[in-house]
Structure formats: C-alpha cells, structure tokens
There are 2 protein chains.
Amino acid sequence: MMAGMTDDDRVFKALADPTRRFLLDRLFERDGRTLTELEAELEMTRFGVMKHLRVLEEAGLVVARRSGRAKLHFLNPVPIRLIHDRWIDKYTERRVSALAELKTELEEEMA
Amino acid sequence: MMAGMTDDDRVFKALADPTRRFLLDRLFERDGRTLTELEAELEMTRFGVMKHLRVLEEAGLVVARRSGRAKLHFLNPVPIRLIHDRWIDKYTERRVSALAELKTELEEEMA
DNA sequence: ATCATAGGTGACCGTATGGTCACATGTCAA
DNA sequence: TTGACATGTGACCATACGGTCACCTATGAT
C-alpha cells in the first residue's frame, strides 16, 4: 500500500498504463479470469501482469476472489463512473454523450 | 509531441497527475482562465503549470484560444465521456450511476 | 521607444514506475 | 508424498515523469 495517496490518485494512476487498460478490457469482455489466463494474452512475464493486477485491485477497479489455488478477477465499474461525474454535470451529460457517440460512429465508418 | 503514443494513452497519462486534475477542476468551475490565473492557485512555478497545461492540451482535455498576449483555457469533457463508454455499457449504466451517486451521498453525510 | 506583462523553449535533476528474476508458499492429483 | 500447477515476495535496473531554472519572444500601456 502506497503512502500519501488518495483514492482517486490510485484510480487514475492505475488507468495510466496501457497494459492495465488492456486487462480491464479483457475483464469487461468476460469477468472471472485468473492470472494465468490473463498472462497468456500478454507478451510479458507473469510477474509483470501480477503487479498490474495488484495496482488495479488497490484502486478498486478490480475485485478478486479466491477459488482453490486460483484467483478470479472481476471488473468494478463504479470508480469509472465517479470520474465521469467529476467533470460532466447532469445538464451537459446529454450533449456530451451525443458528441462522444458521434465521434465513435465516425471512426467506425472510417475503418 | 510524444512518439508512439495513442490518443487514449495521452488522455489517461494526462489524468494521472493530481495537479492536472486540479487544473481541470478549476476549469470545470469556470472556463477561460489564463496561465497566470491558474498559476496563482498553485504552489508551483509558472513553468510547471505550463508543462501540465500542455499535456492536457495534447490530450484534448483542454482547448486553448489566444486573446492578445493572453491564452484562454477551456475544458473539453468529450474524452472523459469516452472513458466512461469504454467500460460501462448502456445496460449497466443506470445501476452503476445509481451506485456512484449513493457513494457520493454517503461520503457527504460523513463530512 | 521603453518597460512591464504574458507566455514559451531546452536542458537539467531527483524520484517514481514498469518490468524481470531468484526464490517461496499453498493447492490439487496420482 | 511426490510432483506439477497457481499465485506471491523482495530486490534490482532502466527509463519516464514532475519540477525548476536560465534564457527568449511577443503584446500592450505610457
């Protein structure tokens, strides 16, 4: 556990690394994966992946549960929503989400 | 401009620093501030603040416009919404946002 | 023109961060 | 109980990042 770090500090630092975002993507696709399962999808040693999962857990973005010798990992989206609510108020939410969807659609048309 | 960095890389890295989040908070409160104005609220030299604003700009979280010798800074919330949409789908959005609001309310009661 | 104001650049330094490895613990199956 | 499997710890190294400074450019007021 790191000292002098607030909750949101941990969340944003956790999201700052592309490997950790990739892990969240995999768990968003399907929950309950083990370390070894996740490791198989990355060009990295088990130790690197383990460190990343720990950071995600300490940020509350991932919750884990043991099952025998395996450890199952689940995505917790609440901290993500809190980021949203920090800089997007109820009044602008509709307009901004429409813009975001438009951007996504345009990029899909390009590809 | 940093090499080998994707758009979302820039956004998440930009959000990873507490000073930069503080700057976004100030701009969320009131748009169109200048560098010197923002510097006055921070215990840091102008150069540090300038670097941070540059990172936010390159991430698209802040857009700036010149006005005479001043440079006005504005918050752009679209990248924030895109983060939200990446890990929270339409079906779970209602439930998650309710949980997030509950958490905020509970913390406000504590204080 | 002069001077103060507002913003900008490049180099520099200490520390935090990502990644690996040697080694260790706990669990299931035969 | 032997061995293979799944996860865990601490030390270590290279690099990225936050912050400062000496120096520079441009705009506005008098």
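Predicted model, so just to flag it, every value in this text is computed and none were measured.
Annotation: side chain to side chain donor-acceptor pair (under 3.5 Å) contacts of Glu107(A) (sequence neighbours excluded): Lys103(A). Looking at residues two or more places apart in sequence or on another chain, you find a side chain to side chain donor-acceptor pair (under 3.5 Å) between Glu57(B) and Lys71(B). Take Arg69(B) and apply the side-chain contact (heavy atoms from CB on, under 4.5 Å) test, not counting sequence neighbours, and it matches no residue. By the side-chain contact (heavy atoms from CB on, under 4.5 Å) test, Ala59(A) is found to be paired with Arg10(A), Val11(A), Ala14(A), Leu61(A), residues two or more places apart in sequence or in another chain being considered.
Between atom CH2 of residue Trp87(A) and atom CG of residue Leu75(B) there is a gap of 8.5 Å, rounded to the nearest 0.5 Å.
Summarising the geometry, the separation between CG on Leu53(B) and P on dG18(D) is reported as 13 Å, rounded to the nearest angstrom. Summarising the geometry, the separation between CZ on Arg21(A) and P on dT17(C) is reported as 16 Å, rounded to the nearest angstrom. In this structure, Phe12(A) places its CZ atom 16 Å from P of dT17(C), rounding to the nearest Å. Distance, Leu23(A) CG to dG18(C) P: 12 Å, rounded to whole Å. Separating the NZ atom of Lys13(A) from the C1' atom of dG18(D) is a distance of 10 Å, rounded to the nearest angstrom. The interatomic distance linking Met50(A) (CE) with dG10(D) (C1') rounds to 11 Å, in whole Å. For Leu56(B) and dC17(D), the CG to P distance is 14 Å, given to the nearest whole Å. Here the P atom of nucleotide dT7(D) and the CD atom of Glu57(A) are 12 Å apart, to the nearest Å.
You'll find the side chain of Leu23(B) stays beyond 4.5 Å of the side chain of Leu27(B), heavy atoms only. Between Thr45(B) and Met50(B), the closest side-chain pair of non-hydrogen atoms is not below 4.5 Å. The shortest side-chain heavy-atom distance between Glu58(B) and Met5(B) does not fall under the 4.5 Å cut-off. Residues Val62(A) and Asn76(A) form no side-chain contact, since every pair of their non-hydrogen atoms from C-beta on lies 4.5 Å or further apart.
Using a 4.0 Å cut-off on heavy atoms, the residues of residues 29-39 of chain A that approach DNA chain D are Thr34(A), Leu35(A), Thr36(A), listed by number. Of the residues in residues 63-76 of chain B, those with a non-hydrogen atom less than 4.0 angstrom from any atom of DNA chain D are Gly68(B), Arg69(B).
Residue Met110(B) shares its hydrophobic cluster (ILVMFWY side chains chained together at separations under 4.5 Å) with no other residue.
Residue pairs meeting the salt bridge (Lys or Arg N to Asp or Glu O under 4.0 Å) criterion with at least one partner in residues 84-93 of chain B, sequence neighbours excluded, are Asp25(A)-Arg86(B), Arg81(A)-Glu93(B), Glu101(A)-Lys90(B), Asp8(B)-Arg86(B), Arg81(B)-Asp85(B), Arg81(B)-Glu93(B). Evaluation of the salt bridge (Lys or Arg N to Asp or Glu O under 4.0 Å) test over residues 35-44 of chain A, restricted to residues two or more places apart or in two chains, returns Arg26(A)-Glu41(A), Arg30(A)-Glu37(A), Arg33(A)-Glu41(A). Within the structure, the ring-ring contact (aromatic ring centres under 6.0 Å, His included) test picks out the following pairs touching residues 40-86 of chain A (sequence neighbours left out): His84(A)-His84(B).
Rotation axes derived from the C1' atoms of the five outermost pairs at either end of the helix from dA1(C)-dT30(D) to dA30(C)-dT1(D) lie 30° apart, to the nearest 10°.
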What pairs of nitrogen or oxygen atoms, one from the protein and one from nucleotides 19-25 of chain C, lie under 3.5 Å apart?
unit_1  : atom_1 : unit_2   : atom_2 : d
dG19(C) : OP2    : His52(A) : NE2    : 2.3
dG19(C) : N7     : Lys51(A) : NZ     : 2.9
dG19(C) : O6     : Lys51(A) : NZ     : 2.2
dT20(C) : OP2    : Thr45(A) : N      : 3.0
dT20(C) : OP2    : Thr45(A) : OG1    : 2.9

